[in-house]
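Notes follow once the structure below has been shown.
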Number of protein chains: 2
Amino acid sequence: MAPTPTLVVHGGAGALSLGPVSIDDLKAGILQAARAGYKHLAGQTSSALDAVEAAVCSLEDNPLFNAGKGSALTVEGSIEMDAIIMEGADLRTGSVGCVQNIKNPVSLARLVMEKTEHILLVGDGANKFAREMGVPEIPSEELITESKRKFLKENEKFQSSVKYLYKEREMGMDDHDTVGAVAVDAHGNVACATSTGGITAQMVGRVGDTPLIGSGGYCDNAVGAVSTTGHGEAIARVTLARNIIFYMEQGLSPQEALKKGLAYMKERVDSLAGGIAISNNGEIGHYFNTEGMTWASVQNGELHYGVSPGEDLVTTY
Amino acid sequence: MAPTPTLVVHGGAGALSLGPVSIDDLKAGILQAARAGYKHLAGQTSSALDAVEAAVCSLEDNPLFNAGKGSALTVEGSIEMDAIIMEGADLRTGSVGCVQNIKNPVSLARLVMEKTEHILLVGDGANKFAREMGVPEIPSEELITESKRKFLKENEKFQSSVKYLYKEREMGMDDHDTVGAVAVDAHGNVACATSTGGITAQMVGRVGDTPLIGSGGYCDNAVGAVSTTGHGEAIARVTLARNIIFYMEQGLSPQEALKKGLAYMKERVDSLAGGIAISNNGEIGHYFNTEGMTWASVQNGELHYGVSPGEDLVTTY
């Protein structure tokens, strides 16, 4: 039986914003992304790959989220972005690391998957490939937002950004994280995509977990799809996305698998994170142990979304 | 009970050389690397991390192996290297991708682990970090060998290199792959390291599986350590190293886990590879489904080594 086409998106786990960005604006952004992705799941051309790419592009284009426009700044004030996309039929994947001046890194990652024999291109080589593919390069100024510039000024040490965003503490105030999407289409294909500007004050040349297959994302038609968000270094050390897929393979639901994966990460490397997951039959999971995570899911024309723990609002598609 | 200090090294899986490099020279090189690493496992200062780094440095310095000096050339004739190192007590890891002009990328990866808050630095950023750490940069000419220049001329298409090295065919002749090491020390700590020049005729900016945690290597004191070698893109698509650690976690021996991991990879993404593994109590595994893989293991002063399937020669340490 064909699965019910389903999409889950996230706009990053981390500290809840009480700063210049309002929670309402984040919610509007995640709903917009969910709608942008879900329309690719209808009818005969239903494509999980198209859906996750479109959802992530929407979040990259939204300056409130830390990917594409609005990316976090490196310690030198530049923007270096990472992204991955993967499809579950043949485990094909493409990713880019430390790429500059690109409006939609997730679409460049898809070109790596579809137009090269490689899975990951980084730095100048990734930009060279973008030029060969006719992908326009845009000035850094079009990607940099005033809010991220201010956050860098206030958090010039990478470790203070990490501590601020992903460690347990009494309250948080600002910044958001990595975005991503997972989907299953009417043909039973799953896909995942994740995109990020990294973490404020990171070193030049730093690549986080996002473009590392099995860390920032993983999917397999035999199981499902996962996209993660949080302190990249910690996520990678436990290959969080691959772990969650393993737990699902062993019979856990997407929600249980996310909980188990994040609990293991907390215990083993003492860091918090979030993630979304979907099974190949359309079962939905979204979970985080940070203060908040912007997420939305769409299935049968019904849209669920939330930011705070336990929050589950409903609207129509 | 403290485990018996043990080291396993590999000099790459792929086609067996019938070309300019003799099998005897490869065997001499892998024995030298095993001895260079094993000496760090003796006595109170026994360190798995020091052992895998020293073994891999020895292979990077040896122009017969595809890492450091003797790395494969990109389609533009340049050398871009990837390396990873990881320790199993706290799952700390460091890696570099697409780095140029560095004699020992694995040692730079260790500096990323020990001196930064990151796990992966790529391209110019990795070289900038090397300069900050006082790591000397050397001219490309000191890393490029005539044999690799010739191999690029003969295999100007990346896909022909891949087909030549890692697909089933009647016979092979040349080139060798990625190097690596795994160890357990007298304190029960495990470690892994992997280093590579990539695959001949790869695109500029391409990063393979080697520096991707869970693909090129993984280790955990609770289980053991793994280092992989083969067609990087295919290894990454199945997160080969993490899979093998999972199989060991589920009770398989290192050897059985390697066999199962490589069989799954063959079935799922139709590519061949090799790997070495060690359990946290010193049980040894080395396995490949390519034509050959140069490997050696040392335990209790006894040195085993081989290249062809089933070959297991013994000498004294």
Side-chain angles (χ1 to χ4, degrees), chain A residues 74 80 86 90-93 95-99 112 116-129 132 157-159 161-162 198-199 201-209 211-215 218 220 222 232-239 241-243 245-246 249-250 268-270, chain B residues 74 80 86 90-93 95-99 112 116-129 132 157-159 161-162 198-199 201-209 211-215 218 220 222 232-239 241-243 245-246 249-250 268-270:
Chain A
T74 71
E80 297 181 349
M86 183 171 184
D90 298 315
L91 308 184
R92 288 184 308 143
T93 183
S95 47
V96 290
C98 195
V99 69
V112 171
T116 80
E117 294 159 326
H118 300 316
I119 55 154
L120 173 55
L121 292 179
V122 301
D124 295 341
N127 279 96
K128 182 168 185 269
F129 170 66
E132 286 166 10
K157 296 270 180 246
F158 175 80
Q159 204 42 254
S161 306
V162 170
I199 293 180
Q202 66 184 13
M203 287 171 70
V204 167
R206 179 258 193 187
V207 170
D209 65 306
L212 309 187
I213 183 169
S215 295
Y218 200 80
D220 185 339
E233 279 74 8
I235 287 174
R237 285 160 64 200
V238 298
T239 59
R242 190 68 184 92
N243 277 17
I245 290 285
F246 268 109
E249 233 170 333
Q250 291 169 344
R268 195 67 170 89
V269 298
D270 190 26
Chain B
T74 70
E80 297 182 347
M86 184 173 183
D90 298 314
L91 308 185
R92 288 183 309 143
T93 183
S95 48
V96 291
C98 196
V99 69
V112 171
T116 80
E117 295 160 326
H118 301 316
I119 55 153
L120 173 55
L121 293 179
V122 301
D124 295 341
N127 279 95
K128 182 168 185 269
F129 170 66
E132 284 166 10
K157 296 268 182 250
F158 175 81
Q159 203 44 254
S161 306
V162 169
I199 293 180
Q202 67 185 11
M203 287 171 71
V204 168
R206 178 257 192 189
V207 170
D209 66 306
L212 309 188
I213 185 167
S215 295
Y218 200 80
D220 185 339
E233 279 75 6
I235 288 173
R237 285 161 62 200
V238 297
T239 58
R242 189 67 184 94
N243 277 16
I245 290 285
F246 268 108
E249 233 170 333
Q250 291 170 342
R268 195 68 169 89
V269 299
D270 190 26

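By convention in this document, chain letters (A, B, ...) are assigned in the order of the sequence lines, proteins followed by strands, and residues within each chain are numbered from 1.
- For Asn243(B), the parts sitting under 4.5 Å from any heavy atom of chain A are the backbone and the side chain alike.
- Residues Arg206(B) and Leu121(A) form a side-chain contact, since some pair of their non-hydrogen atoms from C-beta on lies under 4.5 Å apart.
- By number of non-hydrogen pairs under 4.5 angstrom with chain B, the leading residue of Asn127(A), Val207(A), Asp209(A) is Val207(A).
- Across all non-hydrogen atoms, the minimal contact from Leu91(B) to Arg237(A) is O-NE, 2.9 Å.
- Atom CD of Glu233(A) is separated from atom CD of Glu117(B) by 8.5 Å, given to the nearest 0.5 angstrom.
- Between the CD1 atom of Ile213(A) and the CZ atom of Arg242(B) there is a distance of 14.5 Å, given to the nearest 0.5 Å.
- Across every non-hydrogen atom of Arg268(A) and Asp90(B), the tightest pair is NH1-CA, 4.1 Å.
- Looking at Gln250(A), the atoms closer than 4.5 Å to chain B (heavy atoms on both sides) all sit in the side chain, from C-beta outward.
- Residues Leu120(B) and Leu212(A) meet the side-chain proximity criterion, which asks for heavy atoms closer than 4.5 Å.
- Between Gly214(A) and Thr239(B), the closest heavy-atom pair is CA-CG2, 4.0 Å.
- Both the backbone and the side chain of Val238(A) come within contact range of chain B, each with at least one heavy atom under 4.5 Å from a heavy atom of that chain.
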